[in-house]
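Written below as structure tokens is the structure these notes are about.
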Amino acid sequence: MIAILKKYKATDFKWIFASNILESTGMSVFNLVFIIYVTNEAPADFKSWAITIVSVFNSIPALANILTGYFADRSKNKIRIAKTIKLVQGLLYLIAAVAIHSSFSIVLFGLLIIINLTSDLVGQYSVGLLYPMSLKIIESNDRERLNGLQSGIIQTVIVSGQFIGTLFLSLMNSNYAVFSILNGALFFSSFMMIRHLKEIKIQDEIKETVEDKKNDMTFGNAIKNLFAVPLLGFYVSIYSVGGLIGVAIEQVFILYFANNKDMQIGNMALTITLMSVTFICGEIIGNILTLRWFEKQTFTNLIFIQMLLILLLIIFGLLKINSILILVLLMMIAFIQGNTVPKLNAWLMNNTLPDNIALSLGVLNTTMSFMLPIGTLIFMSIASMFGVAISFICMAVYSVILLAYIQFVRIKERKLA
């Protein structure tokens, strides 16, 4: 990993990388602080609605990733637009800092919603604008490792940033105006990281699998041509339908531990914390520490192994196996997740045209963001109405069906190889 970092030390990738870290930190930290703001400042009769509204609006950018990706791919003068967006984001939070001095009101609440949503959407768009330059700089064989490293570092910075941000907010006696100024500074710093970048002509160095398109391609045609890439539709569907069970299983296990105090580790709060920390750490380690054996595996091989471990985790829950072993399995699942996502992202970068790179990654993120709450709703509803054991059984059946589908795709994969 050190060798690959040295390899790209002298390139502009490090500036794009640093800019993305600052961008992600600014977006995630303020989303959390916004929840804290409405929790503390909204009137009691409006508080629950305010928290719900903020949560819904915070989820919109992930669902809109497919659209921001499409427009990023179609945009000209990508670097200039990306620089402008960073400055606009910084200015938006300076406006928020001035406005937030006022007492809480519906008008102020609406203004902050608009500022935060606008910043998140254009920020996501700006990240897509920089994909072609990264694609130009990074060799195809290095994309998986660098994607994993970038994801791991960004996740670590986000988690640390949210903790430090909320701690700093407490030390400042909930001075949201100062915090908004500091958040704006993150976006100005993001601009400084890429201020020297120049527009480059992205030549198609990837074997074309679809007809090259012009900038005025409609959204529908862009999606159609994207899914003309062999196996892409299968990979996206596997990743998406797997997401139905991915987050749901953690929520069902929380209910499982709540109903079985003898299975808790210490107490309920400690158990939930250990589950969350275990998964986050496992995924970050998987992102950063890519073992050679994992590098040699295909996306479908890794997702197949991950689903087998999820099935085993469900069986452990049904049989009430030792909770420490459940955490170990959860860590293994998260570790494979940390290897799987960069591998799929690298495959998309290597097999889609530069004209469609932001759209392809946007399709993946949007479908996953859409499926996660659906899976949680389905399996948590079953657990609430019929019991955790029935929910586990349903998840086990679903996992077996998904394993069969993944095996079907693996067979197709071998035929196309």
Checking the side chain of [X] only, and the main-chain atoms of [Y] only, is there a donor and an acceptor separated by less than 3.5 Å?
X	Y	value
S190	L186	no
N65	T366	no
R143	I138	yes
K343	F294	yes
S119	I115	no
R195	M192	yes
T278	M331	no
S276	T273	no
K78	D73	yes

Would the Y8 and F17 ring centres measure less than 6.0 Å apart?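 When the ring centroids of Y8 and F17 are compared, they turn out to be at least 6.0 Å apart.
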Side-chain atoms of residues 39-47: list all donor-acceptor pairs with protein atoms under 3.5 Å, sequence neighbours left out, distances to 0.1 Å.
from : atom 1 : to   : atom 2 : distance (Å)
T39  : OG1    : I35  : O      : 2.7
N40  : ND2    : I36  : O      : 3.4
N40  : ND2    : Y176 : OH     : 3.1
K47  : NZ     : T39  : O      : 2.9

Return the set of residues passing salt bridge (Lys or Arg N to Asp or Glu O under 4.0 Å) with E283 (not counting sequence neighbours), or none when no residue passes.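 With neighbours one apart ignored, the set is empty.
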Which residues share a salt bridge (Lys or Arg N to Asp or Glu O under 4.0 Å) with E250, sequence neighbours left out: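 With sequence neighbours excluded, E250 shows a salt bridge (Lys or Arg N to Asp or Glu O under 4.0 Å) to no residue whatsoever.
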Test ring-ring contact (aromatic ring centres under 6.0 Å, His included) applied to [X] - qualifying residues, sequence neighbours left out:
X	result
F187	Y93
Y256	F253, F392
Y235	F299, W347

Positive for side-chain contact (heavy atoms from CB on, under 4.5 Å) with M133, one of L197, I194, T11: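 By the side-chain contact (heavy atoms from CB on, under 4.5 Å) criterion, M133 pairs with just one of L197, I194, T11: L197.
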Might you confirm whether atom CZ of F168 has over 12 heavy atoms from other residues, nucleotides or ligands at distances under 6.0 Å?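 Open: at most 12 neighbouring heavy atoms sit under 6.0 Å from CZ of F168.
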Verify the neighbour count for atom CZ of F71: are there more than 12 heavy atoms of other residues, nucleotides or ligands below 6.0 Å?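 Open: at most 12 neighbouring heavy atoms sit under 6.0 Å from CZ of F71.
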Locate the shortest heavy-atom distance separating [X] from [Y]; write the atom from each residue and the value.
X	Y	result
I81	S75	CD1-CB, 4.2 Å
V363	V236	CG1-CG1, 4.2 Å
A334	F279	CB-O, 3.2 Å

Using a 4.5 Å cut-off on heavy atoms from C-beta on, say whether the side chain of T118 contacts that of Q89.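 Counting from C-beta outward, Q89 and T118 never come under 4.5 Å.
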Are the side chains of F304 and T300 in contact, using a 4.5 Å heavy-atom criterion?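 No - every pair of side-chain heavy atoms lies 4.5 Å or more apart.
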